[in-house]
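These notes concern the structure reproduced below.
All figures in this text were calculated on a predicted structure; none of them were measured in a lab. Position 1 is the first residue of the sequence; numbering continues from there. When a ligand or atom number is given, it counts from 1 through the structure's own listing order.
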Amino acid sequence: MQKQLVNILLVDDRPEGIFTLESVLASDEYNLVKASSGQEALKCILDEEFALVLMDVQMPIMDGFETANMIRERKKSRYVPIIFVTAISKDEQYVGKGYEAGAVDYLFKPINPDILRSKVAVFVDLFKKNRKIQEQAELLREKHLAEQKEEFLKSKLESLRRYENLANSVPHLIWRTSPQGRFEYFNQVWCDYTKMSVSASMKKWKKAIYFQDLPRVIKTWAEALEKQLDSFSFECRLKEGESGRYNWFWNLVVAEKDKEGNVMSWLGTSTNINERKNIEKQKASFLSIASHELRTPLTAIKSSLEMSMMLLHEKPLNFEDLRSVLAIGNESTDSINELLNEFLDFSRVESGRLSINPKPVNLSEIVTKSVESHMLKIKSIDRLKISAKIKDNLIGSFDAPRIRQVIDNILGNAIKYSPEKGMIAVNLEKVKNEVVLSVRDEGIGICPTDLKKIFHPFKRANKSDHFSGLGIGLYISSWIVKEHMGQIDVSSIVGKGSEFVVKLPLQAKGFQ
Ligand code: ADP
């Protein structure tokens, strides 16, 4: 490392004065800078840092005192030690003037080389120590700054990590774009859903959007960017990477703006609304099915009335014909009534207005009555056989009309979906402290993928399209059974038949 020389400024208008100082102080430790006037000395002091100034007092234009005063006035040189070199007097007044001007010492001519060298050495030593302290202070400051910077970076990283953790812990797809709409971030939920990495998503995000929705999405974006909106939303279908299926999402995009109102980024959340869309679709198809279902009995009523009118004009009046025509009309009004009751129950379940009022009742009687009334119905069409094995006097706490509704629904379905001359077996027994009702038929059966579906509103099994029905009976039945703390299950083989099993606790907790 190159040795750092210490600057000493020698100020004298006379070359011999400078020469004397120079010859005494010559050393490979000092850099002796010479100035032949006060002005020159001031200029040198501006350019460089000095450990000491040795200055002749008597100089023309600007003497040593004046120069010293000016050196002290400057911030940079305020504390540079000044030793006056003088041949004049040692009287107190004169010396005092020098101290006022900022001198730290005096050297009187003729110069004593030893005194000069030792005085200079003391100040140089002081300067070096000061410099070392300053260097150490500087080092400390730098270290402190570096530590502060590291701390700041750490906390920034930490908050970024927490932001990402938060974005990953919500069940929404979250993403961010630049002010120009270029994708910059996707949360883990997005990557898991689309099965695309962050970098792949940045390039191929369009692939995630259903092709028919893409032009509309791009147009919405372009308009929002142009108008610099605070927020906007749109719906589109996004591809689920694993299944390749498209699901509906509601996308909310919010502008992140700086203090001046400039968009810094666009934050987007995509919420899966497939369920809602499906329900909307189901409701629409429900309306069309319901209208269709109502039209059939209405048409029957209308033709029964027309036929009755015609019969009334006949003479003599054929009472038997009239009775059977009116009976058809009457049956049709029953069907309409049943349908309307189903609608009403459905809306009550959905709005939480259907309640269960259990009272001690004989379940065996309820099941027997349901079986008998269904037997009467099928007797008139003479096609099916119902065999019933009902254990007597099973008394429990049930809402009798609602439980009857469940049995009627299951038994009615067994009849509706059975072939001509099929067999239906109804069984009611007590197992531990439960009653178990099973209804087995030899009907069309239900395929395994439909088995769970049929307890949901408006869901019908594939093969039942050409049978009348709305697909809400089992939904209401399963709701009633659950409200009784019971359970309803189904097992089935397509083409062979189905078995519905309802288990009800005889004394459910919470019921008196
Ligand atoms: P629906 O009025 O359509 O019969 P439900 O809610 O009672 O409505 O039944 C839902 C669906 O379950 C039916 O549409 C039918 O596809 C299927 N299902 C119910 N019971 C049977 C059964 N015994 N055999 C075959 N399919 C049945």
Side-chain angles (χ1 to χ4, degrees), residues 278-279 282-297 332 334-350 354 367 370-371 374-375 377-378 381 383-388 402-427 437-483 487-502:
N278 278 341
I279 289 175
Q282 278 165 14
K283 285 204 171 138
S285 81
F286 164 76
L287 282 176
S288 94
I289 296 172
S291 325
H292 183 75
E293 290 289 312
L294 280 169
R295 183 163 294 141
T296 317
S332 299
D334 286 349
S335 318
I336 293 184
N337 209 25
E338 270 171 35
L339 274 173
L340 293 179
N341 280 340
E342 263 197 340
F343 295 169
L344 219 59
D345 282 347
F346 175 73
S347 86
R348 284 197 192 121
V349 168
E350 287 292 280
L354 191 66
V367 176
S370 171
V371 171
H374 282 89
M375 274 178 168
K377 275 188 204 163
I378 58 173
I381 45 174
R383 54 177 191 122
L384 288 159
K385 289 224 157 31
I386 301 179
S387 79
R402 292 294 167 201
I403 289 294
R404 170 73 192 259
Q405 192 178 342
V406 174
I407 303 161
D408 283 349
N409 176 224
I410 295 175
L411 198 48
N413 280 347
I415 295 167
K416 182 164 67 174
Y417 299 109
S418 280
E420 296 222 351
K421 299 199 169 45
M423 268 296 292
I424 293 169
V426 178
N427 194 57
L437 168 77
S438 67
V439 178
R440 208 177 59 241
D441 65 56
E442 296 169 344
I444 57 171
I446 306 161
C447 72
T449 48
D450 287 338
L451 280 180
K452 280 237 161 64
K453 263 184 13 188
I454 57 172
F455 294 102
H456 291 119
F458 316 120
K459 296 282 181 194
R460 307 192 73 211
N462 260 335
K463 299 218 162 159
S464 46
D465 278 358
H466 41 275
F467 294 88
S468 69
L470 289 168
I472 48 178
L474 279 181
Y475 169 67
I476 296 166
S477 294
S478 73
W479 184 89
I480 295 170
V481 170
K482 274 184 204 137
E483 286 296 297
Q487 198 181 317
I488 182 164
D489 291 304
V490 57
S491 55
S492 184
I493 297 172
V494 176
K496 295 253 178 250
S498 314
E499 181 174 33
F500 283 80
V501 178
V502 177

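- Among all protein heavy atoms, the one lying closest to atom 26 (N) of ligand 1 is Ile446 CG1, 3.4 Å.
- Shown here for Leu411 and His374, the closest heavy-atom pair between the two residues is CD2-ND1, 3.7 Å.
- Closest to atom 12 (O) of ligand 1 among all protein heavy atoms lies Ile454 CG2, 3.2 Å.
- The shortest heavy-atom contact between Gly445 and Ser498 is CA-OG, 3.6 Å.
- No side-chain donor-acceptor contact under 3.5 Å links Asn341 and Gln405.
- More than 12 heavy-atom neighbours from other residues, nucleotides or ligands sit within 6.0 angstrom of NZ on Lys453.
- Nearest to atom 1 (P) of ligand 1 among the protein's heavy atoms is Gly471 N, 3.5 Å.
- At least one N or O atom of Leu474 sits closer than 3.5 Å to an N or O atom of ligand 1.
- Of all protein heavy atoms, the one lying nearest to atom 23 (N) of ligand 1 is Asp441 OD2, 2.9 Å.
- Checking only distances, Leu470 does come within under 3.5 Å of ligand 1, N or O to N or O.
- Atom CD1 of Ile493 sits in a sparse spot, with 12 or fewer heavy atoms from other residues, nucleotides or ligands closer than 6.0 Å.
- The single protein non-hydrogen atom nearest to atom 3 (O) of ligand 1 is Arg460 NE, 2.6 Å, given as residue, atom name and distance.
- The shortest N/O to N/O separation between Gly473 and ligand 1 falls below 3.5 Å.
- Among protein heavy atoms, atom 7 (O) of ligand 1 sits closest to Asn413 ND2, 2.8 Å.
- Residues satisfying the side chain to side chain donor-acceptor pair (under 3.5 Å) criterion with Ser332, sequence neighbours excluded, are absent altogether.
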